[in-house]
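Shown next, in structure tokens, is the structure this report addresses.
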Amino acid sequence: MQSSHIVRAYDQELAELGNRIAAMGGLAERMVDEAMSALVNADGDLARKVIADDAALDEGQRWIDEQAVQIIARRQPVADDLREILGTIKIAADLERVGDLGKNIAKRVVAVAEMRQPVQLFRGLEALTTLALTQLKEVLDVYASREVSTIGFVRNRDEEIDAMYTSLFRELLTYMMEDPRNISPCTHLLFCAKNIERIGDHATNIAETVYHVVTGEQLPLDRVKVDKSHQIVVRARTSD
Amino acid sequence: MQGMRDMKVQPGERPDEVDLLPARELADVLPDPVVLIDAHGATRYANPAAIASFGALRTGTLLQHRFRSPEVQKLLMRALSDGSEGQIEYAERVPVERAFLISIKPLGTAAGLFLVHFKDQSETRRIDRMRADFIANASHELRTPLASIAGFIETLRGPAREDARARENFLQIMQAQTSRMARLIDDLLSLSRIEMKPHMRPQQKVELGPLISGVLETMSHLMRDYDVEVSFTPPAEPLSVPGDRDELIQVFSNLLENACKYGQEGKRVEISISEGYGSGPEAIVCFRDYGPGIAEEHIPRLTERFYRVDVEKSRVRNGTGLGLAIVKHILTRHEGRLTIHSTVGEGSTFCVHLPRG
């Protein structure tokens, strides 16, 4: 009886770790979504809420780290359980970064809102956010369902995000060249786009971790990077 | 009525069917998604409506992992810890905008089980959002032709009052502008119609070969107008996918129209069907044109509403900026994808990927 009781307490501890990951995931998804609507609607109150929410994510990560280390020390887990616990630590770190990136977008809301921006400036950014959020949702759904059969596909979605980011980069540069007054807001938007692109990368990391946790194998390395923004030069038009 | 009364049932001989009705049977026929969870939040049963809405919810899947919003977390945590019931609103923004009223109640006799019920409120939400979107997008898009018409009217009443040739010319432009507005409204309406449909994967079986042949037939006048040769070989083996017939017709019509419109210079368009593998087996329909092609930086943005590679060209060719947005929306509902490959100077290929079941 004694031993089964211990096992059950251990299972309970593992379940709590998983629940905390899900809660962090939900909060991170919410923060990114709200940060972007704060940006598009120049909503300073919502931006402040996002910034405040980040504390809960940081707290979540610290809790998971501590808890995981304790479980490892006390229970000395092996195989599946060990992978699960190490995976939890990694995913928590990725989610915490996603929250930071969301918070960073929220912090830029005030600067961008100073001058009313044309709506088409945000359309691309919104589309990029939708892609990144879809990816984040898909990997977290896989974490819940453990159906890893589609995860390689999820990971390839990252290409779409990179291509979209490259395109946005070019568009924002063009706006800056059209009118120097655009430079300040567009620079902030450029950082926001970069943040979103990074969120996609973290979602990919999580996908790889989840795959490893569930199957015990690593996803193959053949991931293509299509972020070509480092090559972009928009030439100044000479006056004719 | 008479017959019913004749069927005399002795009390005790046939116990009341309702009392013996298995809970599962009852839940199976409910139109709303219903999930039963245990005291840990693990799924014990999900009814067909739940599986249709949220995908496979395997036994054991923790509900708090699948629905992660902070409100759901709080609701589940409270209910599972003290057995209290509660109700909250839950919204998903991606991949399709959906909203549910989630309520949780402990079950009376089966101790430790909870019933989680989802009331779909997506439609109300969508109507709200659509109204906002419509005002933002449509007013901007309609203002341009309207401004030009207003300008011409002013000229016709003033300086060009007596000039018959100018009048004819202006009226022609005005007519083109009004038909552009009419088309825009048509597209907006069909986009909103698709958006209004509930998020549920279409179940009807659609065979792709005959469907595309039909599209080609109805659009033959367009190909003649643009002087484009379209080649299509239906697959030897019938290839079918679960889908909504009318919506898929719209997808292929839009893609064919685009291929003819923007690939006109290439004089020919090739349509091909093949089988492939994405997240599962899928059917792939590709539209290849030999037009000028699309620069790389535009490709990821093409399905955005009102995004145009070349505003002038699109306007001349009667584009509304909504065609691919409609395509993407329909494909999302079918859990399909659109992939675009293009090389400037060589033409473009638009491929529709539809899961096969």
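Chain A is the first sequence line, chain B the second, and so forth, proteins listed ahead of strands; every chain is numbered from 1. The analysis underlying the following values was restricted to heavy atoms, covering all of them including side chains, and did not include hydrogens, waters or symmetry mates.
When each of Lys74(B), Arg66(B), His298(B), Glu92(B) is checked for heavy-atom pairs under 4.5 Å with chain A, Arg66(B) comes out on top. Your options are Arg146(A), Glu126(A), Glu29(A), and the one with the most heavy-atom pairs under 4.5 Å with chain B is Glu29(A). With respect to chain B, the highest number of heavy-atom pairs below 4.5 Å among Leu27(A), Leu136(A), Leu131(A), Thr130(A) belongs to Thr130(A). Chosen from Ala23(A), Ala15(A), Ala127(A), the residue pairing most often with chain B at heavy-atom distances under 4.5 Å is Ala23(A).
For Gln64(B), the parts lying near chain A are the backbone and the side chain together; criterion is any non-hydrogen pair under 4.5 Å. Contacts between Ile21(A) and chain B at a heavy-atom distance below 4.5 Å are absent for every atom of the residue. With a 4.5 angstrom heavy-atom cutoff, Arg30(A) touches chain B only via side-chain atoms.
No more than 12 heavy-atom neighbours from other residues, nucleotides or ligands sit within 6.0 angstrom of CZ on Arg198(A). For Lys328(B), the NZ atom is loosely surrounded, since the number of other residues' heavy atoms within 6.0 Å does not exceed 12. Atom CZ of Arg58(B) has more than 12 neighbouring heavy atoms from other residues, nucleotides or ligands inside a 6.0 Å radius.
Atoms CD1 and OG1, on Ile299(B) and Thr166(A) in that order, are 12.0 Å from each other to the nearest 0.5 Å. Separation of atoms CD (Glu160(A)) and OG1 (Thr339(B)) is listed at 9.5 Å; rounding is to 0.5 Å. Interatomic distance, Leu302(B) CG to Ser167(A) OG, rounded to the nearest 0.5 Å: 9.0 Å. Rounding to the nearest 0.5 angstrom, the gap separating the CG atom in Asp141(A) from the CZ atom in Phe67(B) is 8.5 Å.
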Arg93(B) and Thr129(A): CA distance, side-chain angles, deciding distance, side chain to side chain contact (heavy atoms under 4.5 Å, CB included) verdict:
CA-CA 11 Å; Arg93(B) 202 169 73 80; Thr129(A) 310; 4.0 Å; yes
Would you please test Lys137(A) and Arg68(B) for side chain to side chain contact (heavy atoms under 4.5 Å, CB included) and show each step?
CA-CA 9 Å; Lys137(A) 177 175 186 303; Arg68(B) 291 174 296 270; 3.8 Å; yes
In sequence, state the C-alpha distance, the side-chain angles, and the governing distance for Tyr307(B) and Arg123(A), and then conclude on side chain to side chain contact (heavy atoms under 4.5 Å, CB included).
CA-CA 9 Å; Tyr307(B) 185 87; Arg123(A) 270 198 198 132; over 6 Å; no
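Between Glu171(A) and Arg301(B) there is a salt bridge, since at least one side-chain N of the basic residue sits less than 4.0 Å from a carboxylate O of the acidic one.
The shortest non-hydrogen separation linking Thr61(B) to Ala144(A) is CG2-O, 3.6 Å.
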